[in-house]
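Lettering follows sequence order; numbering is per chain, from 1.
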Amino acid sequence: MPPVQFWKPGTAAPGSSVDRASEAEGSLAATSSRAANLSIDAQRQRLPIYKHRQKLLWCVERYKVMIVVGQTGCGKSTQIPQYLHEAGWTSENMVVACTQPRRVAATSVATRVAEEVGSVLGDEVGYTIRFEDLSSPARTRIKYLTDGMLFRECMTDPLLSKYSVIMIDEAHERGAYTDLLLGLLKKIMKKRPELRVIISSATIDAQDFLEYFNSNADSADRSKDDAIIVSLEGRMFPVEVCYLKEPCQDYAEAAVQTVFDIHLREPAGDVLVFLTGREEIDQVIQTLSDRLQTLPRGSLKMLPLPLYATLPPEEQMIIFDPSPRDTRKVIFSTNIAEASVTIDGIKYVVDCGFVKMKTFNPRTCMDVLTTTPSSLASANQRAGRAGRTSAGKCFRLYPASFLPTRNRHSPMPITTPPELTRSDISLYLLQLKALGIDNLAKFDFMSPPPSEMMARALEFLFCLKAIDEEGKLTSPFGRRMAEVPLDPMMAAILLNSQELKCGEEILTIAAMTQNAFNMSSGGMKETMSDLERRKFTAEEGDHLTLLNAYNAFVRYGQKDKSWCGNHRINHKALSRAMSIRKQLKKFLDRFGIKVESCAGDAKRLRRCLVSGYFKNAARMMPDGTFKSAREGATLYVHPSSVMFTRQPSTGWVIYHEVIETTKSFMRDLTVIEEDWLVELAPHFYTFKGGNLKKH
DNA sequence: GAGCACTGC
């Protein structure tokens with residue numbers, strides 16, 4: 001077969017520059033490669049970022065907000081907090097905070113920095129993530145934490161008064177809590193002019209952050225600006241970017257072809273291929289493997305490997321094994337390799353130009369998971385993965401003319417839409433209300449969520465009785481809902497469990513629905529439908545099945561990994577469920593909510609579930625499909641549900657969520673009775689002429 | 001009859 005035709009732009013095309021990447025991993029890489037006989041201080045001074053130390057400190061003095069643009073491994077997240085610490089920003093018991101979007105990043109950066117500072121982790125340098133607080137209120141001066149954790153701290157300390165500087169790392173990812181924090185920080189800075197904020201971002205959106213933070217300043221007078229951009233030039237290895245000459249019909253086929261071309265024409269070095277999902281990856285690896293025997297005799301061998309989040313951890317680790325002799329590793333990955341997982345030694349990147357993204361449709365109240373063109377920012381990030389250890393090459397499986405510019409419209413966006421503009425935001429609005437922000441229309445979102453999403457979310461919070469007619473948080477119900485780390489529906493169910501006397505069981509169900517999808521251990525094929533054969537199945541549906549599985553685990557599996565294996569129970573996921581349950585129980589204790597057992601009365605449990613899930617009700621049709629009570633949309637049972645192979649005796653179910661992929665699939669179902677809907681949610685449903693109606 | 005991108009409290 002002829003090689004795929006690529007075009008190399010003569011001049012630097014937009015997108016050929018390589019931006020940042022997650023720095024946490026970069027710092028860890030530095031740990032292994034550093035010269036053993038250099039003192040820690042000497043090593044730190046050799047980092048390229050050290051040249052910018054004075055400039056950085058000066059900008060923090062002069063400006064309220066500093067936007068730092070820098071590349072992978074330049075030491076932003078490890079060095080800047082230390083510079084601030086050394087320069088006195090942590091005197092008088094003040095703390096420098098640095099947020100990370102992911103737990104592993106927070107712990108690994110903190111570990112590295114503690115080592116550099118010469119502190120025991122949890123002393124001068126510490127971290128806080130859910131379930132793990134390795135920090136000391138009296139002694140910790142540099143604190144790493146997940147952005148969600150810092151957001152939560154606002155509930156007890158609305159001005160974040162113990163922090164002198166707050167650094168928001170990886171802000172360009174625009175996660176929900178990052179955006180919420182940006183809005184809060186902007187508000188806090190008005191009341192605390194001495195507070196300093198550092199935003200670490202990618203070149204592509206630094207200007208957006210600048211405009212956001214300078215929007216209140218006098219635009220004619222730059223000397224009054226609050227914010228400034230600081231670029232830490234430190235170059236990475238160059239990455240040469242190539243594009244297809246013509247658009248391709250089938251990027252999976254083009255990816256296989258390109259991998260073969262690289263393998264036969266390019267010097268040694270591993271390949272990272274970005275695709276969109278598990279099924280696609282497995283299929284491409286199959287196609288590639290089938291063609292391996294067409295390789296000329298004596299050529300380098302090829303080792304294709306998959307990488308996606310639902311792959312069991314042991315199989316994920318295989319990608320880090322060094323390539324066998326005379327073998328080229330080719331890793332086929334989802335977006336997980338874009339920021340969360342860093343693989344060293346990648347010299348070639350193949351980018352299909354697409355990504356699977358979840359967007360919330362406020363009209364149908366459904367999440368839609370679709371394959372869409374990935375952004376230019378994401379393309380830059382993917383390309384950067386080829387230049388971590390040496391110069392690399394990136395092959396984009398689309399023509400250069402597809403790239404967006406300020407003037408050229410393209411299906412490919414410049415940046416990925418922020419999470420807050422494409423999610424069900426009821427949880428976030430509830431939490432903002434709990435922070436005393438009643439007028440959400442006036443909250444300064446960097447990217448305001450569409451007004452229909454705001455309206456839907458508020459309407460829903462009202463139906464759950466979290467807010468009143470005026471939009472004020474109800475007390476104590478709404479306030480407590482906001483405090484519990486659960487989605488609003490499950491939070492309401494948990495709080496309602498006192499009245500229905502089933503707290504023991506609801507605690508377990510709430511903990512299990514948080515990570516139910518990772519329950520099985522044998523890869524994706526083993527899901528709820530497999531559990532069914534493992535004796536945990538409850539006729540009443542998935543929630544009770546989860547309860548049975550948890551109870552069996554506590555009794556037999558907790559200390560017996562072979563029992564877990566035999567029963568297809570993921571030990572890690574269930575242990576996590578135990579932690580979540582314990583944490584939730586503490587909230588109920590603090591609220592003074594009595595936790596009782598329903599003592600086997602499943603009806604009470606199911607009624608309690610209806611008290612929160614009432615919005616998500618569906619009725620079975622004669623053809624076996626379901627119709628939603630709310631919109632009359634056609635729904636299907638997800639194959640991972642125990643209800644996939646049975647029919648609800650009453651004809652009615654409630655479900656945790658719908659996700660639209662090839663069809664609209666309901667996940668986590670429980671069989672209910674129609675009457676309960678009217679009885680437990682009279683504000684939402686009535687009977688009219690013998691039929692259930694939504695108000 | 002047949003399927004989930006990735007995080008986080």
Side-chain angles (χ1 to χ4, degrees), chain A residues 22 99-106 128-133 145-155 170 173-181 274-282 307-311 333-341 352 354-359 367-372 374 378 416 419 422-423 427-428 430-431 434 482-488 490-491 510-511 514-518 520 523-530 576 579-580 583-584 587 623-625 636-641 643-647 657-668:
Chain A
S22 73
T99 71
Q100 296 291 329
R102 284 169 288 279
R103 293 160 54 93
V104 271
T128 306
I129 58 177
R130 190 183 185 183
F131 306 128
E132 280 177 61
D133 183 7
L145 67 180
T146 44
D147 45 17
M149 266 310 209
L150 187 62
F151 182 80
R152 237 157 215 283
E153 268 193 45
C154 296
M155 289 195 188
E170 316 283 0
E173 291 185 16
R174 302 295 302 277
Y177 285 113
T178 296
D179 272 23
L180 292 171
L181 278 175
F274 283 101
L275 295 171
T276 65
R278 175 187 60 84
E279 215 181 310
E280 192 175 272
I281 287 170
D282 290 344
L307 176 64
Y308 38 81
T310 46
L311 203 65
S333 171
T334 60
N335 239 15
I336 191 173
E338 196 180 296
S340 309
V341 174
C352 77
F354 285 87
V355 67
K356 263 191 202 172
M357 199 162 45
K358 208 154 118 172
T359 43
D367 279 321
V368 191
L369 187 72
T370 37
T371 302
T372 57
S374 50
S378 159
T416 308
E419 198 183 345
R422 53 184 175 87
S423 322
L427 167 71
Y428 306 117
L430 179 67
Q431 291 178 334
E483 277 185 58
V484 176
L486 288 172
D487 69 86
M490 200 38 101
Q514 297 290 294
N515 59 353
F517 209 75
N518 299 322
S520 57
M524 283 297 290
K525 293 266 153 59
E526 304 286 348
T527 51
M528 289 295 277
S529 48
D530 301 275
R576 186 177 151 78
S579 309
I580 296 175
Q583 193 196 28
L584 295 174
F587 279 94
D623 64 358
T625 66
Y636 296 82
V637 178
H638 194 276
S640 65
S641 166
M643 296 310 292
F644 187 64
T645 50
R646 4 173 91 64
Q647 297 192 343
E657 64 177 359
V658 175
I659 176 98
E660 187 187 325
T661 50
T662 50
K663 287 176 184 166
S664 299
F665 288 107
M666 297 180 282
R667 285 195 36 211
D668 292 339

salt_bridge(A:Arg102, A:Glu170) N-O dist < 4.0 Å: no
Can you figure out which of B:dC9, B:dG1, B:dT7 approaches the side chain of A:Thr146 most closely? B:dC9
Separation of atom CD in A:Glu173 from atom C1' in B:dA5, rounded to whole Å: 14 Å
Counting the atoms with a prime plus P, OP1 and OP2 as sugar-phosphate, which does A:Phe665 contact under 4.0 Å by heavy atoms, base, sugar-phosphate, or nothing? sugar-phosphate
Could you state the atom-to-atom distance from CG of A:Leu150 to C1' of B:dC9 in whole Å? 13 Å
Between A:Val484 and A:Arg422, which residue's closest nucleotide on DNA chain B lies nearer the 5′ terminus? A:Arg422
Earlier contact from the 5' end, DNA chain B, for A:Val355 and A:Gln431: A:Val355
Can you tell which of B:dG3, B:dA5, B:dG1 lies closest to the side chain of A:Pro639? B:dG3
A:Leu275 CG to B:dA5 C1': how many Å, rounded? 12 Å
Do A:Phe644 and the base of B:dG1 stack face to face, with centres under 5.5 Å apart and an angle between planes under 30°? yes
Within the 4.0 Å heavy-atom criterion, would you say A:Met357 contacts the bases, only the backbone, or no part of the nucleic acid? nothing
Side chain of A:Gln514 - closest among B:dG3, B:dC9, B:dA2: B:dC9
Rounded to the nearest Å, what distance is computed from the CZ atom of residue A:Arg174 to the C1' atom of nucleotide B:dT7? 16 Å
What nucleotide, of B:dC9, B:dA5, B:dA2, holds the atom closest to the side chain of A:Leu369? B:dA5
Choosing from B:dC6, B:dG3, B:dG1, which nucleotide comes nearest the side chain of A:Thr645? B:dG1
To the nearest 0.5 Å, how far apart are CG in A:Leu181 and CE in A:Met149? 12.5 Å
Give one of base, sugar-phosphate or nothing for A:Thr371, where a contact means two heavy atoms less than 4.0 Å apart. nothing
Rounded interatomic separation in angstrom, taking CD1 from A:Ile281 and C1' from B:dC6: 13 Å
Quick check for you: to the nearest 0.5 Å, what is the distance between A:Gln583 atom CD and A:Arg130 atom CZ? 4.0 Å
Roughly, in whole Å, what's the span from OH in A:Tyr177 to P in B:dG8? 12 Å
Parallel, tilted or perpendicular, judged at 30° and 60°: which one describes the rings of A:Tyr177 and A:Phe151? tilted
Among the candidates B:dG8, B:dG3, B:dA5, find the nucleotide nearest to the side-chain atoms of A:Arg103. B:dG8
Euclidean distance, atom CD of residue A:Glu153 to atom C1' of B:dC9 [Å, nearest integer]: 13 Å
With respect to the side chain of A:Lys358, which nucleotide from B:dG1, B:dC9, B:dA5 is positioned closest? B:dA5
Would you indicate what A:Ile129 reaches in the nucleic acid, counting non-hydrogen atoms under 4.0 angstrom: base, sugar-phosphate, or nothing? sugar-phosphate
Of B:dT7, B:dC9, B:dA5, the nucleotide closest to the side chain of A:Ile336 is B:dT7
Could you state the OH-C1' distance from A:Tyr308 to B:dG3, rounded to the nearest angstrom? 13 Å
As a test of reading the structure: which of B:dG3, B:dA5, B:dC9 is closest to the side chain of A:Lys356, going by heavy atoms? B:dA5
A:Arg102 side chain, from C-beta outward: closest of B:dA5, B:dC9, B:dG8: B:dG8
Would you mind telling me which of A:Asn335, A:Thr334, A:Asp282 makes a side-chain hydrogen bond (donor to acceptor under 3.5 Å, both in side chains) with A:Tyr308? A:Asp282
Pair A:Glu338, A:Ser378 - check side chain to side chain donor-acceptor pair (under 3.5 Å), show working. CA-CA 8 Å; A:Glu338 196 180 296; A:Ser378 159; 2.9 Å; yes
